[in-house]
Number of protein chains: 2
Amino acid sequence: MTKATWKKFDEVELTHSSVHHLMAMHELLKRNGYVRGVDISKHLKISRSSVSITIHKLIKKGYIQEDENKFYHFTPKGQELINNVLSKRRIIRLFFEKVLDIPEDMAEYEACKVEHLLEEETGQRIMNFIGFFLSERKEANEFRYALKRFIYECGSVDACEICEIECYFAGKEQ
Amino acid sequence: MTKATWKKFDEVELTHSSVHHLMAMHELLKRNGYVRGVDISKHLKISRSSVSITIHKLIKKGYIQEDENKFYHFTPKGQELINNVLSKRRIIRLFFEKVLDIPEDMAEYEACKVEHLLEEETGQRIMNFIGFFLSERKEANEFRYALKRFIYECGSVDACEICEIECYFAGKEQ
DNA sequence: TGTATTTGTTAGACATGCTTAACAGATGTT
DNA sequence: AACATCTGTTAAGCATGTCTAACAAATACA
């Protein structure tokens, strides 16, 4: 771990909580055409007071605007962020489901923890990868077919990098 | 988002910070053969006091033991956790580097944010995937070769799921 | 009109994890 | 032996995000 890479974890511009406030707003706007504090509060199952505080922070940071009736709207900045998170969420879920073959609810859970933490660049690359993986190209078709029948076992592959990992999983090393 | 999936984010048994205290311990043990509080403090670039507090929590939780000279050691529970995180870290980094072709330092950064959040099951599945992806199987070879030459463009693939995503990236939808 | 409900805000509380400052005890140096 | 340094702990402070309780203002209903 170089320098203090690990610390950057909470130097992210928006916290997990804030991102989910924005995501809730987006879902409710789509569903109802409007959002108020209490809607977010019910959606996220947290208190109105907590929502109130977070929303005002997001207004200060320029992600949200409040109209005269206390209905909330995204600023362009907020909308852009939502688009980014949504696209990453989708692509990550798709990856978990289609590539790793993880059940839907589990894929959602795993994606939720991770979606807002990954960079745009990473999202783009996963998209590129999945674009190819799910395509009808001959190489992709054959790869998917063979992958489905593949079960990894230590020794079945000559890449020793992987083998080291298997040893970790089996708890044989260190 | 079902129920309050998003809240589980911080219901994880150990926080990002705690995991990194344990990881630091592991690295220092491997390097020096011992660990004291001050070593962790320097390694993570945080104050001794903060380390002291976190370490005592980890002792209470049963991940660490302290000997008569204030040198720290893993309990079996702690060692197991370290093995799990290490294996996931490796496999995730490998995925970012070898599959997504992300530069090494970026891959490390991305992996760091994510490694302790994913379930064992997910780690296992990524391992299985990479086991096949990096193998010398004909399908894997051809897939890798073709993937390297592939650049995703909206319309180049008929999977409309992906296309929707591309629209998000381009900010054309919603 | 008067009362009840809904909604948003504020205050006080608690838990996290970090900081600095002060201090205690051990170790090192001269 | 005396002073300096290193190490660990504790206390007080700040920021996060959550909670409950209290209150204010608007809305709904009788």
Side-chain angles (χ1 to χ4, degrees), chain A residues 1 3-25 28-29 32 34-61 63-73 112-113 116-117, chain B residues 1 3-25 28-29 32 34-61 63-73 112-113 116-117:
Chain A
M1 194 97 336
K3 284 184 291 179
T5 306
W6 75 276
K7 269 198 192 174
K8 295 190 183 166
F9 183 75
D10 31 43
E11 281 170 16
V12 194
E13 156 76 352
L14 290 175
T15 62
H16 181 79
S17 171
S18 290
V19 172
H20 278 282
H21 277 70
L22 293 172
M23 291 299 282
M25 256 188 75
L28 292 163
L29 272 174
N32 307 329
Y34 63 86
V35 216
R36 296 160 307 164
V38 71
D39 304 314
I40 298 172
S41 147
K42 280 173 186 158
H43 190 79
L44 294 181
K45 305 195 173 166
I46 56 180
S47 64
R48 275 173 294 139
S49 51
S50 189
V51 169
S52 172
I53 292 162
T54 304
I55 290 295
H56 283 110
K57 280 181 195 159
L58 290 170
I59 291 173
K60 250 187 209 158
K61 288 190 178 180
Y63 291 94
I64 299 177
Q65 277 177 328
E66 188 182 40
D67 69 19
E68 60 281 4
N69 299 310
K70 302 240 175 210
F71 286 51
Y72 305 123
H73 310 272
C112 168
K113 289 184 291 186
H116 71 289
L117 292 172
Chain B
M1 195 96 337
K3 285 184 290 178
T5 306
W6 75 278
K7 268 197 193 177
K8 294 188 183 165
F9 183 76
D10 32 43
E11 280 170 16
V12 194
E13 156 76 352
L14 290 175
T15 61
H16 182 78
S17 170
S18 290
V19 172
H20 278 283
H21 277 71
L22 294 171
M23 293 297 283
M25 257 189 75
L28 293 164
L29 272 172
N32 306 330
Y34 64 86
V35 214
R36 297 160 306 163
V38 71
D39 303 314
I40 298 172
S41 147
K42 280 174 187 160
H43 191 77
L44 295 181
K45 306 196 173 163
I46 55 180
S47 64
R48 277 172 293 142
S49 52
S50 190
V51 169
S52 171
I53 291 162
T54 304
I55 290 295
H56 283 109
K57 280 180 194 157
L58 289 169
I59 291 172
K60 250 185 204 156
K61 288 191 178 178
Y63 292 94
I64 298 177
Q65 278 177 329
E66 188 182 41
D67 69 21
E68 60 282 4
N69 299 311
K70 303 242 176 209
F71 284 52
Y72 304 124
H73 310 271
C112 169
K113 289 184 291 188
H116 72 288
L117 292 172

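Below, chain A is the first sequence line, B the second, and so on; all start at residue 1.
Side-chain proximity of H21(A) to dT7(D), dC18(C), dT18(D): nearest is dT18(D). Distance from the side chain of R36(A) is smallest to dG8(C) among dC18(C), dT9(D), dG8(C).
Checking the phosphate oxygens (OP1, OP2) of dT9(D), a side-chain nitrogen or oxygen of K70(B) falls inside 4.0 Å. Taking side-chain N and O atoms only, K57(B) has a distance below 4.0 Å to OP1 or OP2 of dG17(C).
Rounded to an integer number of Å, the gap from CG of D39(B) to C1' of dG8(D) is 12 Å. In this structure, H43(A) atom NE2 and dT7(C) atom C1' are separated by 19 Å, rounded to whole Å. The CG atom of L28(B) sits 13 Å away from the P atom of dT7(D) (whole-angstrom rounding). A straight line from CZ of F71(A) to C1' of dT6(C) spans 12 Å, rounded to a whole angstrom. When rounded to the nearest whole Å, the span between NZ of K61(B) and C1' of dA15(C) equals 11 Å. What separates CG of L44(A) from C1' of dG17(D) is a distance of 13 Å, to the nearest Å. If you measure from atom NE2 of H16(A) to atom P of dT16(C), you get 18 Å, rounded to the nearest angstrom. A straight line from NE2 of H20(A) to P of dT18(D) spans 11 Å, rounded to a whole angstrom.
Evaluation of the side chain to side chain contact (heavy atoms under 4.5 Å, CB included) rule for S18(B) yields L14(B), T15(B), T54(B), L58(B) as partners, not counting sequence neighbours. Y63(A) meets the side chain to side chain donor-acceptor pair (under 3.5 Å) test with E13(A); sequence neighbours excluded. Listed by chain and number, the residues in a side chain to side chain donor-acceptor pair (under 3.5 Å) with N32(B) amount to none (sequence neighbours excluded). The side chain to side chain contact (heavy atoms under 4.5 Å, CB included) test applied to I46(A) returns H21(A), L44(A), S50(A), V51(A), W6(B), K7(B), not counting sequence neighbours. The side chain to side chain contact (heavy atoms under 4.5 Å, CB included) test applied to S52(B) returns H56(B), not counting sequence neighbours.
One finds the OG atom of S41(A) at 10.5 Å from the CD1 atom of I55(A) (value rounded to the nearest 0.5 Å).
Residues of residues 46-54 of chain A having a heavy atom closer than 4.0 Å to DNA chain C, listed by number: R48(A), S49(A), S52(A).
Nearest-nucleotide positions on DNA chain D place H56(B) closer to the 5' end than the other of H56(B) and S18(A).
For the pair N69(A)/Y34(A), no side-chain contact is recorded, criterion being any heavy-atom separation below 4.5 Å from C-beta on.
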